[in-house]
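Take a look at the structure set out below.
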Amino acid sequence: MILVKSAITLTTLLLLIIVINYFSFEQCGRSHLINVDSDIKPGTYVLVPGAGRDYPNGRRPNYFFLGRMSKTAELHKAQPQLKIILSGIADGHHYNEAIDMRKDLLLRGVDSTAMILDNGSADTYETIRMYDEHYKHNPVIIISQKEHLFRALWLAEKSGLKAEGIIADGNPYGTPRWFIVREMLARMKARYDILMQ
């Protein structure tokens with residue numbers, strides 16, 4: 001009985017930590033939001049974290065990919081002077097996120113000379129670290145869906161970057177529950193990554 005109570009207590013405490021951590025990212029994210037028509041400082045780059053164009057089973061489109069591409073093209077149309085870094089993973093099989101984003105943006109009218117490819121970032125932490133290593137003296141605008149964007153902005157702030165964010169559209173049928181659970185765990189990993197760097 002004591003072991004059961006201890007297990008319940010530890011599980012409850014762990015869940016509480018995860019929830020508190022999740023909402024601690026919200027304030028940071030909300031305080032750094034802009035829109036495509038905002039005044040943007042010279043030398044600012046746009047950073048678009050990768051998302052697979054299609055799911056491996058091919059049964060439905062990835063709305064996260066489509067939303068990021070749509071918002072990036074919208075920003076480029078409003079502010080064509082901005083350089084756009086397309087960051088993602090190339091696994092040699094299903095994913096080549098940066099190339100897929102480039103192809104999509106070309107079809108949407110984005111100038112090829114505006115795009116810079118980063119094929120070496122496997123996750124959001126690596127995307128932010130890549131930017132910090134190569135462009136840390138330049139402000140950055142990150143484009144992604146709200147939940148993911150808030151995590152990226154938190155990582156950027158903790159890395160000492162001057163970052164703002166633009167929210168991209170997500171799933172038109174609403175954010176899936178699995179995505180919220182995944183994001184809760186991803187925010188725990190993000191905090192761990194910053195503590196260990």
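All residue numbers in this chain count up from 1 along the given sequence. Quantities reported herein were computed from a predicted structural model and do not represent experimental measurements.
The cationic atom of Arg53 (NZ for Lys, CZ for Arg) does not lie both less than 6.0 Å from the six-membered ring centre of Phe65 and within 45° of the ring axis.
With salt bridges taken as basic N to acidic carboxylate O contacts below 4.0 Å, one links Lys71 and Glu74. Taking 4.0 Å as the cut-off between side-chain N and carboxylate O, Glu26 and Lys146 do not count as a salt-bridged pair. In summary, Arg151 and Glu147 do not engage in a salt bridge, as defined by a charged side-chain N under 4.0 Å from a carboxylate O.
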* Quick one: do Leu16 and Ile20 satisfy side-chain contact (heavy atoms from CB on, under 4.5 Å)? Show the steps, please. => CA-CA 6 Å; Leu16 185 60; Ile20 290 172; 3.8 Å; yes
* **Evaluation steps, side-chain contact (heavy atoms from CB on, under 4.5 Å), between Leu105 and Leu86** => CA-CA 10 Å; Leu105 291 173; Leu86 306 173; 3.7 Å; yes
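With a 4.5 Å cut-off on side-chain heavy atoms, Asp118 and His134 do not count as touching. The closest side-chain heavy-atom distance from Leu15 to Thr11 is below 4.5 Å. Side chains of Ile141 and Ile166 form a contact here, defined as non-hydrogen atoms less than 4.5 Å apart. Contact check for Asn171 versus Thr175: no side-chain heavy atoms found under the 4.5 Å cut-off. Contact check for Pro80 versus Asp111: no side-chain heavy atoms found under the 4.5 Å cut-off. At least one side-chain heavy atom of Ser70 sits less than 4.5 Å from a side-chain heavy atom of Arg108. A heavy-atom distance below 4.5 Å is not found between the side chains of Lys83 and Val46. Counting heavy atoms from C-beta on, the side chains of Ile89 and Glu126 never come closer than 4.5 Å.
The distance from atom CZ of Arg129 to atom OG1 of Thr124, rounded to the nearest 0.5 Å, is 12.5 Å. Separation of atoms CD1 (Ile84) and CG (Leu117) is listed at 11.0 Å; rounding is to 0.5 Å. To the nearest 0.5 Å, atoms CG (Leu185) and CD (Glu183) are separated by 9.5 Å. A distance of 7.0 Å separates CG in Leu66 from CG in Asp104, rounded to the nearest 0.5 Å. Note: Lys158 NZ to Cys28 SG = 7.0 Å, rounded to the nearest 0.5 Å.
Contact between Asp132 and Ser159 at its shortest, heavy atoms only, is OD1-O, 3.8 Å. Closest approach of Ala114 to His76, counting heavy atoms only: CB-CE1, 3.8 Å. Looking at every heavy atom in both residues, Ala51 comes nearest to Arg68 through CB-NH1, 3.6 Å. Closest approach of Ser112 to Arg102, counting heavy atoms only: CB-NH2, 3.6 Å. Nearest heavy atom pair, residue Leu82 against residue Thr44, reads CD2-O, 3.5 Å. The shortest heavy-atom contact between Asp37 and Ala78 is OD1-CB, 3.9 Å.
Asp169 places no side-chain N or O within 3.5 Å of a backbone atom of Gly67 that could act as its donor or acceptor partner.
With sequence neighbours excluded, the residues that form a side-chain contact (heavy atoms from CB on, under 4.5 Å) with Lys189 are Asp123, Asp193.
Residues Met184 and Phe179 do not share a hydrophobic cluster, clusters being chains of Ile/Leu/Val/Met/Phe/Trp/Tyr side chains in contact below 4.5 Å. Linking Ile, Leu, Val, Met, Phe, Trp and Tyr residues whenever their side-chain heavy atoms come within less than 4.5 Å places Leu13 and Ile18 in a single cluster. There is a path of hydrophobic side-chain contacts, each under 4.5 Å, that joins Val36 to Ile34. A continuous path of Ile, Leu, Val, Met, Phe, Trp and Tyr side chains, each step under 4.5 Å between heavy atoms, connects Met188 with Val19, placing both in one hydrophobic cluster.
Between the side chains of Arg187 and Ser24, not a single donor N or O lies within less than 3.5 Å of an accepting N or O.
Cluster partners of Ile128, by chain and number: Phe25, Leu33, Tyr45, Leu47, Ile85, Ile116, Tyr125, Met130, Tyr131, Tyr135, Val140, Ile142, Leu149, Phe150, Leu153, Trp154, Leu155, Leu161, Ile167, Ile194. The rule joins Ile, Leu, Val, Met, Phe, Trp and Tyr whenever side-chain heavy atoms lie under 4.5 Å apart.
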